[in-house]
Protein chains: 2
Amino acid sequence: MDNTRWLDEQEMAAWTGFLAASNLLGRRVEQQLKDDADLSHPQYEILTRLSAAPCGELRMTELADALLTSKSGLTYQVTQLEKSGMVRRRSFPGDVRGVVACLTDEGWAKVRETAPGHVALVRELLIDVLTREQLTAIAEGLGEVSRRLRASTVR
Amino acid sequence: MDNTRWLDEQEMAAWTGFLAASNLLGRRVEQQLKDDADLSHPQYEILTRLSAAPCGELRMTELADALLTSKSGLTYQVTQLEKSGMVRRRSFPGDVRGVVACLTDEGWAKVRETAPGHVALVRELLIDVLTREQLTAIAEGLGEVSRRLRASTVR
DNA sequence: GACCAGTGGTTCGAATTTGAACCACGCCAC
DNA sequence: GTGGCGTGGTTCAAATTCGAACCACTGGTC
């Protein structure tokens, strides 16, 4: 017996569209960040997360699950950013094990000068291509999808 | 002056939802394929593309741009699949340079036994979470997005 | 106060990915 | 035919990624 519920045309289109957009967009964004700011996308994410946090600093763990990357991956990227002077590590007062990453002045400067170009690209390639209805559908639909994924993921 | 058109709340939600869904879904799918079939996602993609093609074979180049990966990446994955006996390389009659990848019997078997579980997961994590309206919005919206990305990408 | 399961981060090795350099060949124009 | 340019694939080194093992420490429990 084959009782698999295969995908109909519409569903298939959604899945392949999602996959393709995800690959191609990721690639383009990565490319632009590398060219304009000499940053990888994960690195850019780290910088913006930090810049949005009070005092420009966050615990490693908080960063790690905001970034959706593995712990070791984060360690690596933060080390890179530290080498290039964008970020500094400090130890967390109150728990010797804890480490907080902290934006340096150059880090702040980098974010300020990089963000506009990044936003412009995202707008051009994604946001402005969609109708308002598509935009809200995506915001709500994929929002729900990722909420469930987060919830069901073993921490 | 800062004349950047920043993202409003809705637009931001769409972008972050998209990024998160993309990361988390990719990770989960990857995981499942590895566990159930001992395949990476790119490898699975190769197998299904081949199985959808006449005679189960395609030129390397055709595969490469269907897969949205670099040429060298494809070479690597095909080599892996060849080692595990899912795929065979033949030379392309009519152009000595050309190489066609070709599903073996085990390759066919692998696709048949892996596809149902894969589809079920995609359904559970993505398709069945969305309303029908969201589904069509995503199919059309992201379809258009990726079409443009393909078109504007240097080949 | 000593034990012990659990946390926060780093280190390590293995697998994958990418772009650039490369090689061999086909396709033309002359 | 014979240069010379573009193509189809592979090879190479470098960067990144992941999970598993690890270390140092914390917070209860007895």
Side-chain angles (χ1 to χ4, degrees), chain A residues 22-24 26-35 38-46 57-84 87-102 153-155, chain B residues 22-35 37-46 57-84 87-102 153-155:
Chain A
S22 168
N23 266 308
L24 295 170
R27 206 173 290 277
R28 280 299 256 298
V29 167
E30 191 83 27
Q31 186 65 42
Q32 190 238 18
L33 284 172
K34 188 64 76 184
D35 290 346
D38 204 43
L39 289 173
S40 68
H41 193 218
Q43 287 170 357
Y44 178 77
E45 279 281 328
I46 294 177
E57 43 182 51
L58 281 175
R59 296 282 300 264
M60 289 300 260
T61 303
E62 301 180 279
L63 263 181
D65 61 51
L67 268 269
L68 304 169
T69 183
S70 62
K71 288 191 299 174
S72 47
L74 181 66
T75 296
Y76 177 75
Q77 290 299 355
V78 168
T79 307
Q80 295 310 102
L81 285 172
E82 211 173 12
K83 278 184 197 162
S84 57
V87 156
R88 207 159 35 92
R89 273 182 235 241
R90 294 193 304 103
S91 75
F92 180 67
D95 186 341
V96 191
R97 297 169 302 175
V99 172
V100 317
C102 161
T153 300
V154 206
R155 305 254 171 183
Chain B
S22 167
N23 266 309
L24 295 170
L25 249 179
R27 207 175 290 280
R28 281 299 256 297
V29 167
E30 192 84 26
Q31 186 66 41
Q32 189 236 19
L33 285 171
K34 187 65 75 185
D35 291 347
D38 204 44
L39 289 173
S40 68
H41 193 218
Q43 287 170 357
Y44 177 76
E45 279 280 328
I46 293 176
E57 44 182 49
L58 280 175
R59 295 284 299 265
M60 291 300 259
T61 304
E62 301 181 278
L63 263 181
D65 61 50
L67 267 270
L68 305 169
T69 183
S70 62
K71 289 190 298 174
S72 48
L74 180 67
T75 295
Y76 176 75
Q77 290 299 356
V78 168
T79 307
Q80 296 310 102
L81 285 172
E82 210 173 11
K83 278 184 196 161
S84 59
V87 156
R88 207 158 36 90
R89 272 184 235 242
R90 295 193 303 101
S91 74
F92 180 66
D95 186 341
V96 191
R97 297 169 303 176
V99 173
V100 318
C102 161
T153 300
V154 207
R155 301 255 173 183

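A note on names: the letters A, B, ... follow the listed sequences, proteins ahead of strands, and every chain is numbered from 1.
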Can you measure A:Ile46 atom CD1 to D:dT16 atom P for me and round it to whole angstrom units?
12 Å
With heavy atoms under 4.0 Å as the rule, sort A:Thr69 into base, sugar-phosphate or nothing.
sugar-phosphate
On DNA chain C, check which nucleotide each of A:Gln31 and B:Ser40 is closest to and give me the residue with the more 5' one.
B:Ser40
Atom-pair distance (CD on B:Glu30; C1' on D:dG19), nearest Å:
13 Å
Qualifying residues under side chain to side chain donor-acceptor pair (under 3.5 Å), relative to B:Arg89, sequence neighbours excluded
B:Thr79, B:Glu82
Tell me, for nucleotides 1-14 of chain C in 5' to 3' order, what letter each nucleotide earns: B for a base near a protein heavy atom under 4.0 Å, S for only sugar-phosphate near one, - for neither?
-----BBSBBB---
For A:Gly94 and A:Pro42, take the nucleotide of DNA chain D holding the closest heavy atom to each; which residue's nucleotide lies nearer the 5' end?
A:Pro42
Restricting to side chain to side chain donor-acceptor pair (under 3.5 Å), what partner residues turn up for B:Gln80, sequence neighbours left out?
none
Separation of C:dT17 C1' from A:Asn23 CG (nearest whole Å):
12 Å
Check side-chain contact (heavy atoms from CB on, under 4.5 Å) between B:Lys71 and all other residues, then give those that pass, not counting sequence neighbours.
none
Only counting residues at least two apart or in another chain, list the ones meeting side chain to side chain donor-acceptor pair (under 3.5 Å) with A:Asp95.
A:Arg97
Go through the structure and list residues passing side chain to side chain donor-acceptor pair (under 3.5 Å) with B:Glu30, not counting sequence neighbours.
none
Reckon B:Gln80 has a side-chain N or O less than 4.0 Å from the OP1 or OP2 of C:dT16?
yes
Ignoring hydrogens and angles, tell me if any N or O in the side chain of B:Arg27 forms a donor-acceptor pair with the backbone of B:Ser22 under 3.5 Å.
no
